[in-house]
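Okay, structure first, notes after.
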Amino acid sequence: MCEVRVAVDPGARDAPPRVRRLHDDGTPDGPVEVLADLGGVAAIEAASAPRWVLARPRSYRRLLAAGVELGRAHDVELVEGLLVAADGHFGQPHGLAAAVARLQGRVPDPDPPLADAGPPALFDAGPAADELADVVAVHAAQQRALSTAGPGMRLLAAAESAGALVAEEMTATGLPWRADVHDRLLVELLGPRPLPGGRPAKLAALAAAVDAAFGRPVNPDSPAEVLRAFARAGHELQTTRSWEIKRIDHPAVAPLLAYKELARLHSAHGWAWLRSWVHEGRFRPEYVVGGVVSGRWATRGGGALQIPKAVRAAVRADPGWRLVVADAAQLEPRVLAALSRDHALAPGEEDLYTALAAREFGGDRAKAKLALLSAMYGQTSGGAGVLLATLRRRFPAAMAYVEDAARAGEEGRLVRSHLGRTCPPARPGHEQPAAARARGRFTRNFVVQATAAEWALVLLAELRGLLRSSGSPARLVFFQHDEVLLHTPAEAAEDTAAAVRAAATTAGRRLFGDSPVRFPMQVRVVDGYDDPPPPTNGTLVGT
DNA sequence: CGAACAGGCGCC
DNA sequence: AAAGGGCGCCTGTTCG
């Protein structure tokens with residue numbers, strides 16, 4: 001593969017953008033060019049659509065703010081993180097400065113806290129402050145490493161970098177969020193909006209009911225007080241988790257459980273959340289690409305990956321627009337089937353748990369799901385043991401795959417995802433048997449979760465590419481592990497849905513070649529995030 | 001007083 | 001029926 005690459009430093013308030021054309025191997029193919037403004041970047045993009053070499057995801061933010069969109073990228077800091085871990089070095093800083101230090105044989109300083117835009121020095125840009133030169137040098141070293149690392153790592157580097165573009169674009173676009181609908185939901189569930197810091201009427205009433213049931217004031221938000229109150233009533237609980245409280249017979253149980261559920265809604269996604277996070281009809285979380293060890297994304301602010309079902313009705317398309325809501329059906333077991341080549345585990349596009357239940361678990365879908373999740377998470381209790389024996393007999397290769405990963409973790413060896421994301425080793429202190437087993441559960445899950453995250457990342461990259469190349473007006477507005485939301489003009493909704501299905505198929509092929517394992521998406525074209533699929537439209541749409 | 005931790009629970 | 005992989009973030013509690 002030979003492609004044009006251009007390193008870019010978007011500059012800062014007072015510093016103009018600078019670019020430098022590169023060969024595929026990262027060596028410069030021309031001088032540093034100082035552009036008049038970011039329009040110059042847009043012109044290069046329009047003329048040659050290069051792969052842009054950026055320092056970090058935030059570098060793209062300034063371009064987007066100026067209306068400049070890029071097609072493809074190589075994100076130096078994200079790729080550095082992948083390469084440093086793959087090399088067996090962990091806990092190493094992977095900021096640009098640290099990468100430069102490693103190149104020069106110095107011991108890198110810890111990464112500085114996130115700075116805005118990392119402004120280069122205005123005068124006398126010495127080597128240490130010349131971000132463009134640093135980007136060029138580190139990128140060249142990365143290209144050398146990637147050229148020997150194998151096609152998986154090259155795909156991973158490209159997908160991670162594409163993810164950075166998607167993440168910044170989604171933050172800029174924002175998830176459509178109807179504050180009026182959210183407010184109405186809260187009023188229905190909690191009562192009228194209280195004064196700031198006040199307790200809604202429903203919560204106050206439930207707290208009073210809890211007090212009455214115990215015969216004395218008990219703060220339902222204090223686990224210690226609740227434990228003491230139940231102990232006085234003759235119920236010795238270990239914790240106040242709701243599933244444990246649910247099992248005892250006491251008049252305080254019902255109001256307490258209701259209180260906990262509504263209090264969580266109020267504190268996590270109530271009026272204060274709405275005021276903090278929704279502006280002008282959009283919720284704009286900041287996505288942290290590669291923020292999780294497994295390669296899943298994290299978010300900063302607003303708890304974006306935990307939007308409760310109870311408020312999803314507030315996510316609504318603008319008038320004349322629709323939401324395309326798509327999630328990968330049973331992604332992790334399908335990934336395991338492809339990884340382990342145990343194709344009997346995922347024979348087609350039908351619901352995998354239902355199919356397995358019909359064959360092995362007397363039609364009990366919940367049992368089939370528990371069995372598979374137990375295999376991937378390392379659960380052994382709760383009747384999972386019996387179910388696992390069935391899986392071991394029926395899918396020996398798949399079970400051996402996760403059990404090998406678990407053993408690797410217990411023995412302190414490294415495990416990697418399909419494309420080569422490397423799981424950091426255990427911290428010292430995992431010599432204890434219990435800790436080793438915990439480590440085994442972690443690595444067992446890592447191989448599946450990290451590969452599923454890769455599939456989703458490639459899906460995102462492919463989908464973004466499809467939308468761009470077709471000039472689609474649809475925008476990606478949300479991504480959550482195995483689920484994407486797009487906001488699209490109504491007339492483009494079906495094309496957008498088709499693009500999602502196509503991207504899913506391509507993602508499967510790019511990770512697993514001609515594997516027979518399918519990755520179907522459930523695609524809904526709806527007005528509200530909570531809307532069920534229209535009855536005329538099939539819910540399970542094959543790829 | 002704020003920082004750090006623990007318990008708990010939302011999502012996947 | 002029972003409680004395991006990954007997170008972020010809330011409140012209460014304890015520590016410095």
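Just so we're on the same page: letters track the sequence lines, and every chain starts at 1.
Taking 4.0 angstrom as the limit, S242(A) places a side-chain polar atom (N or O) nearer than this to OP1 or OP2 of dC9(B). Between dC12(B) and K309(A), a contact under 4.0 Å exists linking OP1 or OP2 to a side-chain N or O. Within the structure, a side-chain polar atom (N or O) of R441(A) is placed less than 4.0 Å from OP1 or OP2 of dG5(C). For dG8(B), the OP1/OP2 oxygens have no side-chain nitrogen or oxygen of K260(A) closer than 4.0 Å.
The listed nucleotides are dC9(B), dC11(B), dA1(C); the one nearest the side chain of R241(A) is dC9(B). Distance from the side chain of Q480(A) is smallest for dC11(B) among the nucleotides dC11(B), dG6(C), dG8(B). Closest to the side chain of D482(A), out of dG4(C), dC12(B), dC11(B), is dC12(B).
Ring pair W177(A)/W273(A) is tilted by interplanar angle, where 30° to 60° counts as tilted.
By the stacking rule of 5.5 Å between ring centres and under 30° between planes, Y377(A) stacks on the base of dG5(C).
Shown here is R359(A), whose CZ atom has more than 12 heavy atoms of other residues, nucleotides or ligands within 6.0 Å. Other residues, nucleotides and ligands place more than 12 heavy atoms under 6.0 Å from the CD atom of Q92(A). The 12-atom threshold is not exceeded at CD of Q238(A), counting heavy atoms of other residues, nucleotides or ligands nearer than 6.0 Å. Applying the 6.0 Å contact sphere to NZ of K369(A) captures no more than 12 heavy atoms from other residues, nucleotides or ligands. For R275(A), the CZ atom counts as loosely surrounded, since its 6.0 Å shell holds 12 or fewer non-hydrogen atoms of other residues, nucleotides or ligands. Crowding of K202(A) atom NZ: a count of heavy atoms from other residues, nucleotides or ligands under 6.0 Å exceeding 12.
In this structure, the CG atom of L388(A) is 11 Å from the C1' atom of dG4(C), given to the nearest Å. The NZ atom of K246(A) sits 12 Å away from the C1' atom of dA3(C) (whole-angstrom rounding). Q238(A) places its CD atom 15 Å from the C1' atom of dA2(C), with the value rounded to the nearest Å. Taking atom CD1 of residue I245(A) and atom P of nucleotide dC9(B), one finds them 7 Å apart after rounding to whole Å. Taking atom CZ of F442(A) as the reference point, atom C1' of dG5(C) lies 8 Å away to the nearest angstrom. One atom, NZ of K367(A), and another, C1' of dA2(C), lie 14 Å apart when rounded to the nearest Å. Separating the CG atom of L262(A) from the P atom of dG8(B) is a distance of 19 Å, rounded to the nearest angstrom. Atoms CZ (F479(A)) and C1' (dC7(C)) sit 13 Å apart, rounded to a whole Å.
Against DNA chain C, the stretch residues 158-173 of chain A makes no heavy-atom approach under 4.0 Å.
A salt bridge is absent between R437(A) and E410(A); no separation between the charged side-chain nitrogens and carboxylate oxygens falls under 4.0 Å. Ion pairing between a basic and an acidic side chain is recognised when a charged N comes within 4.0 Å of a carboxylate O; R510(A) and E454(A) show no such pairing.
In this model, a side-chain donor or acceptor of R296(A) finds a partner on the base of dC12(B) within 3.5 Å.
Among the candidates W455(A), F446(A), F512(A), the single residue satisfying the ring-ring contact (aromatic ring centres under 6.0 Å, His included) test with H418(A) is F512(A).
For F478(A) and F283(A), the distance between ring centers is not under 6.0 angstrom.
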Protein and nucleotides 1-6 of chain B: nitrogen or oxygen contacts under 3.5 angstrom:
none

Would you tabulate the side-chain donor-acceptor contacts of residues 397-404 of chain A under 3.5 Å, counting partners in other chains and residues two or more places apart, or write 'none'?
residue : atom : partner : partner atom : Å
E403(A) : OE2  : R392(A) : NE           : 3.1
E403(A) : OE2  : R392(A) : NH2          : 3.2
D404(A) : OD1  : R407(A) : NH1          : 3.1

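Residue contacts shown for S374(A) include a base, since a base heavy atom lies under 4.0 Å away. Here L265(A) lies out of heavy-atom contact (under 4.0 Å) with every strand. Using a 4.0 Å heavy-atom criterion, one finds that R437(A) contacts no nucleic acid atom at all.
Taking 4.5 Å as the limit, every side-chain heavy atom of R284(A) sits out of range of all side-chain heavy atoms of L175(A). In this structure, L257(A) and I245(A) have side chains that are in contact, with non-hydrogen atoms separated by less than 4.5 Å.
The overall bend of the helix from dC1(B)-dG16(C) to dC12(B)-dG5(C), read as the angle between its terminal helix axes built from five base pairs each, is 10° when rounded to 10 degrees.
Positionally, the nearest nucleotide of DNA chain C for R247(A) lies more toward the 5' end than for the other of N445(A) and R247(A).
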Any chance you could list the contact pattern along nucleotides 8-16 of chain C? Use B for base contacts, S for sugar-phosphate-only contacts and - for none, protein heavy atoms under 4.0 Å, 5' to 3'.
BSSSSS---
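With sequence neighbours excluded, no residue satisfies salt bridge (Lys or Arg N to Asp or Glu O under 4.0 Å) with R444(A).
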